[in-house]
Each structure stands twice: as C-alpha cells, then as structure tokens.
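None of the values given here were measured: they were computed from a predicted structure.
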Amino acid sequence: MEQKLMSEEKDYTLLSGLTLAYIGDAVYEVYIRDFLIRTGQTRPNQLHRLATNYVSAKAQHFIIENMMADDFLTEEEIKVYKRGRNAKSHTSAKNTSVFIYRSSTGFEALVGFLHLTGQKERLDEFVKTAIQKVGEKNDT
C-alpha cells in the first residue's frame, strides 16, 4: 500500500492536540531558527541560547497568554489551543510546572493546526507576533 506525503482529503481539524503539537513544535522551531539566522546570528551556541527565549515552554506560555489578552486569536484558534493544552501527555515537564508545559503544548498545537490547514499567512502573522511579544518582554 502506497502512502501519500500530503493528503488533500485529510481533515486536520480532527487530529488530536498532541499530534498537532508534534508538528507544531517542529514548524515553530524552524521559523525561529530562520528568524535568528536572518537577523545575523551565526554562532551555534549563541543560536541555541537565543532560540530558547522563543521556544521554551515558559516563553510559549508567555506568548499565548499575551495573545489571548490582546484578543489576537480567533475563536477557532482558542479552541485548538485549549484542545492542545488539555491533552493528556505521557511526557513530563522539564524545568517548569505542568500548567506551563500544557499551555506550551496548546501553543504548539495551534502552530501545527495553522500549518496543516494551509493557513500560511495567518501562521506567518502568528509567529511574527510571537517574536514581537518576546522582544517586548526582553525590552522591559
């Protein structure tokens, strides 16, 4: 049986929050790595340290909380975030609370959802806003 890489018949809205988070984690990581390199960062150790400001569970929790406070997310996006946040993961949080870890899982689920449903413009806007939120936090 031949598997298709991309199936147009697939309804990605039916995927579990953890599955969405699985792809969302990778997609967001690529966006952040791309952003850092395009801003002139080239040293691997520094790249990793800087990326943590954007991709850590604490950073993702901070970003999503601020986006919700600013009414940035649509109703559908909030539902996807909550589905990811409320998903029962078999992995445990590293260096953070379960609450923050679950919030970051919801963040990643939303990124995965936007990616898989082909909402590239919205995903670009989402990541741009995430980067801005981290920048604002670091400026204070």
If you take all heavy atoms of [X] and [Y], which pair is closest and at what distance?
X: Tyr54; Y: Phe35; answer: OH-CE2, 3.5 Å
X: Gly84; Y: Ala109; answer: CA-CB, 3.8 Å
X: Tyr81; Y: Glu65; answer: OH-OE2, 4.1 Å
X: Ser103; Y: Ile64; answer: OG-CG2, 3.5 Å
X: Ala57; Y: Tyr101; answer: CB-CA, 4.4 Å

Exercise for the section: Using only heavy-atom distances, determine whether the side chains of Gln119 and Thr117 contain a donor-acceptor pair under 3.5 Å. Expected result: yes
Problem - Residue list, side-chain hydrogen bond (donor to acceptor under 3.5 Å, both in side chains) with Glu125, at least two apart or on another chain - result: Arg122
Practice task
Please identify each residue that fulfils side-chain hydrogen bond (donor to acceptor under 3.5 Å, both in side chains) with Arg85, with sequence neighbours left out.
Solution key: none
To the nearest 0.5 angstrom, please state how far the [atom1] atom of [X] sits from the [atom2] atom of [Y].
X: Arg83; Y: Thr13; atom1: CZ; atom2: OG1; result: 7.0 Å
X: Asn53; Y: Ile131; atom1: CG; atom2: CD1; result: 12.0 Å
X: Leu47; Y: Ile32; atom1: CG; atom2: CD1; result: 12.0 Å
X: Gln46; Y: Leu36; atom1: CD; atom2: CG; result: 9.0 Å
X: Arg102; Y: Thr96; atom1: CZ; atom2: OG1; result: 12.5 Å
X: Leu18; Y: Asn86; atom1: CG; atom2: CG; result: 10.5 Å

Handout entry: For Ile100, the rest of its hydrophobic cluster, which grows through side-chain links under 4.5 angstrom
Key = Phe99
Practice task
Please check if the side chain of Asp34 supplies one atom and the backbone of Val30 the other of a donor-acceptor pair under 3.5 Å.
Solution key: no
[X] side chain near [Y] side chain, heavy-atom distance below 4.5 Å:
X: Leu123; Y: Val27; result: yes
X: Arg33; Y: Gln41; result: no
X: Phe62; Y: Lys133; result: yes

Problem - side chain to side chain contact (heavy atoms under 4.5 Å, CB included) partners for Lys120, two or more places apart - result: Tyr31, Asp124
Practice task
Please identify each residue that fulfils side chain to side chain contact (heavy atoms under 4.5 Å, CB included) with Ala59, with sequence neighbours left out.
Solution key: Ser56
Handout entry: More than 12 heavy atoms from other groups under 6.0 Å of CG on Asn45
Key = no
Practice task
Look at atom OH of Tyr22 and say whether more than 12 heavy atoms of other residues, nucleotides or ligands are closer to it than 6.0 Å.
Solution key: no
Practice task
Report the residue from Leu73, Thr74, Leu20 that forms a side-chain contact (heavy atoms from CB on, under 4.5 Å) with Val80.
Solution key: Leu20
Handout entry: ring pair (Phe, Tyr, Trp, His ring centres under 6.0 Å) partners of residues 109-128, not counting sequence neighbours, each pair once
Key = Phe107-Phe126
